[in-house]
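Reckoned from all heavy atoms, side chains included, excluding hydrogens, waters and symmetry mates.
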Amino acid sequence: MTEDKQGSQPQTAQESQTTATTRRPVCILGLGLIGGSFMQALAAAGRDVFGYNRSEATVDAASNSGYDASSDLVATLQRAAADDAIIVLATPVTTIEPLLSAIAETAPRCLLTDVISVKQAVAEKVSRIHPHARYVGGHPMAGTSRSGWDACDPTLFTDAMWMVTTSDDTDADDWTAVAELALEVSAVVVPAAPDAHDRAVAAISHVPHLLAADTAAVGAGESNLALRLAAGSFRDGTRVAATEPTLQRAMIEANDIAVLNALSEAIDRLVQARDELRDSGSVAALIDDGHRARMAYEEMAARGREPIVGVSVGAPGWASDMRKQAHAGRVWLG
């Protein structure tokens, strides 16, 4: 790994963790692209990891690849309870309620996290179905337009931002255990409150999915001439539209309030650009704003990882201090 500008060397899995024999096992429920890639990455890092998927075909594919997978949910959760495993929800938010009920009944004391792209909706379901859960949410900003076990990649999370829920009442030890999982697969931890996370991903992920779908539909609407001429702008701008539609809908619709607000701003800007083009022949305002925002993003990326400093996890005010620094673009490196 490269060193960031302030000279802080990101920890490797070996440096940030003790030996595999002293680390808690991880139980992943759902072995699609994210859950399966997480299983592969944790196994590569030496973590004891096992998982569940309702699809026998997925379980067979994972087992044939040498991973510990089962289609028996109860038996998997009984094992998690016996091993004090960290349980990871890795299915769409629309499917987690039966899983939460099973966890509450069979493995209620296990630390629970998730890799789902919305946080408030998951937290609400956890609070309602498993109110005594030790829950710390998570969301890796990683993925491809492909899905399923065959799309899994153990390097998917390398250098990816991994949001970890950081609320004032978050247990410090549980937070650390979840953050260490992210570090272990070479991701970078971004602390955030659930509502702030959902507003952010609405703007930088969920609305872009809608705009990609719109761009693809407009581009394909007239004739195949447009698709034949399509090049980089169309390809890059519509990549995420190739994602399985049910997966797109699940994440967008579960974040409806934040998406409505961000989508309204996007529509307002497009309407203004349309009106200015009609009235004065110019789209300068939107183009200039977009260019400045993109340059700011590239400037932040070029600066590298700027670590959160001066915060000790568990000290008074630690969660608030972390969130403030994260809003300034800083990340937790362990």
A.B. asks: Provide the closest heavy-atom pair for T166 versus R323 in the form atom of the first, atom of the second, distance.
C.D. replies: O-NH1, 2.9 Å
A.B. asks: State plainly whether the residues D159 and R305 are in salt-bridge range, i.e. N to O under 4.0 Å.
C.D. replies: yes
A.B. asks: In chain order, what residues pass the side chain to side chain donor-acceptor pair (under 3.5 Å) check against Y135, with sequence neighbours excluded?
C.D. replies: D114
A.B. asks: Is it the case that one hydrophobic cluster holds both M141 and V190, taking links as side-chain heavy atoms less than 4.5 Å apart, direct or via other members?
C.D. replies: yes
A.B. asks: Which heavy atom of V115 sits nearest to which heavy atom of P140, and what is that distance?
C.D. replies: CB-CD, 3.7 Å
A.B. asks: For L111 and R24: C-alpha separation, side-chain torsions, deciding distance, then whether side chain to side chain contact (heavy atoms under 4.5 Å, CB included) applies.
C.D. replies: CA-CA 10 Å; L111 173 58; R24 272 182 289 180; 3.9 Å; yes
A.B. asks: If you define the side chain from C-beta out and look only at heavy atoms, does anything of H206 sit under 4.5 Å from S117?
C.D. replies: yes
A.B. asks: Can you tell if the side chain of Q272 reaches within under 4.5 Å of the side chain of L286, non-hydrogen atoms only?
C.D. replies: no
A.B. asks: For a 4.5 angstrom cut-off between non-hydrogen side-chain atoms, does V201 reach K119?
C.D. replies: no
A.B. asks: I34 versus L156: any side-chain heavy-atom pair under 4.5 Å?
C.D. replies: yes
A.B. asks: Counting only heavy atoms not in R278, do more than 12 sit closer than 6.0 Å to its CZ atom?
C.D. replies: yes
A.B. asks: Could you tell me whether R199 and D195 make a salt bridge, using a distance below 4.0 angstrom between a side-chain N and a carboxylate O?
C.D. replies: yes
A.B. asks: Compare all side-chain heavy atoms of D174 with those of V178 and state whether any distance is below 4.5 angstrom.
C.D. replies: no
A.B. asks: For V118 and V122, work out which heavy atoms get closest and say how close.
C.D. replies: O-CG2, 3.3 Å
A.B. asks: Identify the heavy atoms of G314 and A172 that sit nearest to each other, and give their distance.
C.D. replies: CA-CB, 3.5 Å
A.B. asks: Begin from the C-alpha positions of R23 and E180 and carry the test salt bridge (Lys or Arg N to Asp or Glu O under 4.0 Å) through to its verdict.
C.D. replies: CA-CA 10 Å; R23 290 179 285 170; E180 285 178 343; over 6 Å; no
A.B. asks: Donor-acceptor pair, S37 side chain versus D153 backbone, under 3.5 Å?
C.D. replies: yes
A.B. asks: According to a hydrophobic-cluster definition based on side-chain heavy atoms being under 4.5 Å apart (Ile, Leu, Val, Met, Phe, Trp, Tyr only), do V93 and M251 belong together?
C.D. replies: no
A.B. asks: Please find the pair of heavy atoms, one from T113 and one from G138, that lie closest to each other, and give the distance.
C.D. replies: OG1-N, 3.8 Å
A.B. asks: Please determine whether side chain to side chain contact (heavy atoms under 4.5 Å, CB included) holds for the pair H327 and K324, giving the CA-CA distance in whole Å, both sets of side-chain angles, and the decisive distance to 0.1 Å.
C.D. replies: CA-CA 5 Å; H327 276 284; K324 289 176 183 176; 5.9 Å; no
A.B. asks: Heavy atoms only: give me the nearest L31-T58 pair and the separation to one decimal.
C.D. replies: O-CG2, 3.8 Å
A.B. asks: Go through S71 and E56 one step at a time and tell me if the side chain to side chain donor-acceptor pair (under 3.5 Å) criterion holds.
C.D. replies: CA-CA 6 Å; S71 60; E56 292 283 1; 2.8 Å; yes
A.B. asks: Please examine the side chains of L247 and L33, heavy atoms only from C-beta on, and report whether any two atoms are closer than 4.5 Å.
C.D. replies: no
A.B. asks: Any side-chain to backbone donor/acceptor pair from S167 onto D169? Under 3.5 Å, distance only.
C.D. replies: no
A.B. asks: Please step through side chain to side chain contact (heavy atoms under 4.5 Å, CB included) for the pair I257 and D198, ending with a clear verdict.
C.D. replies: CA-CA 9 Å; I257 300 301; D198 287 357; over 6 Å; no
A.B. asks: Hey, what do you get for CD (Q40) to OG (S65), rounding to the nearest 0.5 Å?
C.D. replies: 7.0 Å
A.B. asks: Taking it one step at a time, do W175 and V189 satisfy side chain to side chain contact (heavy atoms under 4.5 Å, CB included)?
C.D. replies: CA-CA 11 Å; W175 187 93; V189 173; 4.0 Å; yes
A.B. asks: What residues form a side-chain contact (heavy atoms from CB on, under 4.5 Å) with D83, not counting sequence neighbours?
C.D. replies: P25, F50, R79
A.B. asks: Which side-chain N or O atoms in residues 216-227 pair as donor and acceptor under 3.5 Å with protein atoms at least two apart or in another chain?
C.D. replies:
| unit_1 | atom_1 | unit_2 | atom_2 | d |
| --- | --- | --- | --- | --- |
| S223 | OG | L225 | N | 3.2 |

A.B. asks: Is there a continuous path of hydrophobic side-chain contacts, each under 4.5 Å between heavy atoms, that joins V49 to L183?
C.D. replies: yes
A.B. asks: Verify, without hydrogens or angle tests, whether Q325 (side chain) and V309 (backbone) share a donor-acceptor contact under 3.5 angstrom.
C.D. replies: yes
A.B. asks: Sorted by first residue and then second, give each ring-ring contact (aromatic ring centres under 6.0 Å, His included) pair with at least one member in residues 146-170; sequence neighbours left out.
C.D. replies: F38-F157, F38-W162, Y67-W149, F157-W162
A.B. asks: Under 4.5 Å between side-chain heavy atoms, hopping through other hydrophobics if needed: is there a path connecting V136 to L42?
C.D. replies: yes
A.B. asks: Could you check whether any side-chain heavy atom of D321 comes within less than 4.5 Å of a side-chain heavy atom of I308, counting everything from C-beta outward?
C.D. replies: no
A.B. asks: With a 3.5 Å distance limit and no angle check, can you tell me whether S320 reaches the backbone of G317 through a side-chain donor-acceptor pair?
C.D. replies: no
A.B. asks: Of all residues at least two apart in sequence or in a different chain, which pass the ring-ring contact (aromatic ring centres under 6.0 Å, His included) check with H139?
C.D. replies: H197
A.B. asks: Could you give me the CA-CA distance, side-chain angles and deciding distance for Q120 and E124, then say whether side chain to side chain donor-acceptor pair (under 3.5 Å) is met?
C.D. replies: CA-CA 6 Å; Q120 288 179 289; E124 183 278 326; over 6 Å; no
A.B. asks: For salt bridge (Lys or Arg N to Asp or Glu O under 4.0 Å), just list the numbers for R134 and D173, CA-CA rounded to whole Å, side-chain angles, deciding distance to a tenth of an Å, and then say yes or no.
C.D. replies: CA-CA 11 Å; R134 296 164 53 206; D173 290 338; over 6 Å; no
A.B. asks: Sequence neighbours excluded, which residues qualify as salt bridge (charged side-chain N to carboxylate O under 4.0 Å, His left out) partners of D171?
C.D. replies: none
A.B. asks: Got V74 and Q78 here, is their nearest side-chain heavy-atom distance under 4.5 Å?
C.D. replies: yes
A.B. asks: For residues I252 and I267: do they belong to one hydrophobic cluster (side chain heavy atoms under 4.5 Å, members Ile, Leu, Val, Met, Phe, Trp, Tyr)?
C.D. replies: yes
